Amino acid sequence: RNGADSSLKSVPFNIIWQFTAKSHFFLQSAYNWRNYGSGSNGLRFADFHGYDAVLGYRFNVTERDNLTIKFERSLEEQQLQIENIIDFSQTPTAIENTGTARNNPYHWTQIGIDYIHQFPRSFSVTFSPGWQQVRFRDRQPLFGEDGTLINKHQTIDSIRMEITGRYSAPNGWLFGELSYSYQDRDSNFPNGDLVKNVGSVSMGLSF
């Protein structure tokens, strides 16, 4: 065994505040911690303490339209980050890969909107635009454009959009989904930019 066995504990804390007959605020949160075993061969993953939190407001615009505005924040585990060291003995200075994994958790932040319109005959459409950011907690070595060695936090900003159509049979035993999502990622580290276009079709049965 290499220390990958672990136990996960979570303490949730949720609140709903009914603001009006058509709207309410909500808070969904949890404190999480993971404990790893002793491992072998000198390899041991670091124990992790993190959290999840979603603060939102939901408003029933009409009988068929719902709007939800959400602010999400969490600290996520990242055990497989590769540890690098700076070798000053070389000219120019080099960044060496040690081949050793370390724990470099990241803060995940999102501001998003979910707008749902319910059509007749059990068909609905959800439109979900938003902004996301991933920011790693520890600084990492990087060569700047002028060749200067710097240490900074890796940050990835994303603009995303998703639209989903869902059909549910009147008796609830059959459903189908058609969705398309777009994401444009902008990283402050080289080779971190990415544009993703994903389409999917799914069907299922409920018994």
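All values below come from the heavy atoms of this structure, side chains included, with hydrogens, waters and symmetry mates left out. Here the structure is a predicted model, which is why all the values come from computation and not from measurement.
Environment of CD in Gln18: crowded, with over 12 heavy atoms of neighbouring residues, nucleotides or ligands closer than 6.0 Å. Applying the 6.0 Å contact sphere to OH of Tyr180 captures more than 12 heavy atoms from other residues, nucleotides or ligands. Other residues, nucleotides and ligands contribute over 12 non-hydrogen atoms within 6.0 Å of the CG atom of Leu67.
No donor-acceptor pair under 3.5 Å is formed between the side chain of Gln118 and the backbone N or O of Asp65. Of the possible donor and acceptor atoms, one in the side chain of Arg160 sits under 3.5 Å from a partner among the backbone N and O of Ser128. With hydrogens and angles disregarded, no donor-acceptor distance shorter than 3.5 Å links the side chain of Ser29 to the backbone of Ala53. In this structure, Ser187 contributes its side chain and Phe189 its backbone to a donor-acceptor pair below 3.5 Å. Proximity of a side-chain donor or acceptor of Asn188 to a complementary backbone N or O of His153 within less than 3.5 Å is detected.
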* To do: Kindly determine whether Asp157 and Arg185 satisfy salt bridge (Lys or Arg N to Asp or Glu O under 4.0 Å), including the steps that lead there.
  => CA-CA 6 Å; Asp157 292 293; Arg185 301 196 326 176; over 6 Å; no
* **Step-by-step side chain to side chain contact (heavy atoms under 4.5 Å, CB included) determination, Tyr115 to Thr126** => CA-CA 6 Å; Tyr115 192 93; Thr126 302; over 6 Å; no
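Tracing side-chain contacts under 4.5 Å through hydrophobic residues (I, L, V, M, F, W, Y), one reaches Tyr182 starting from Ile163; they form part of the same cluster.
To the nearest 0.5 Å, atom CD of residue Gln132 and atom CG of residue Asp184 are 11.5 Å apart. With rounding to the nearest 0.5 Å, the separation of CZ in Arg58 from NZ in Lys22 is 13.5 Å. Atom CZ of residue Phe175 and atom CE of residue Met203 lie 9.0 Å apart, to the nearest 0.5 angstrom. Rounding to the nearest 0.5 Å places OG of Ser200 at 7.5 Å from CD of Glu177. To the nearest 0.5 Å, the span separating OH on Tyr51 from OG on Ser10 amounts to 14.0 Å.
Note: Phe25 and Tyr57 meet the aromatic proximity criterion, with ring centroids under 6.0 Å apart.
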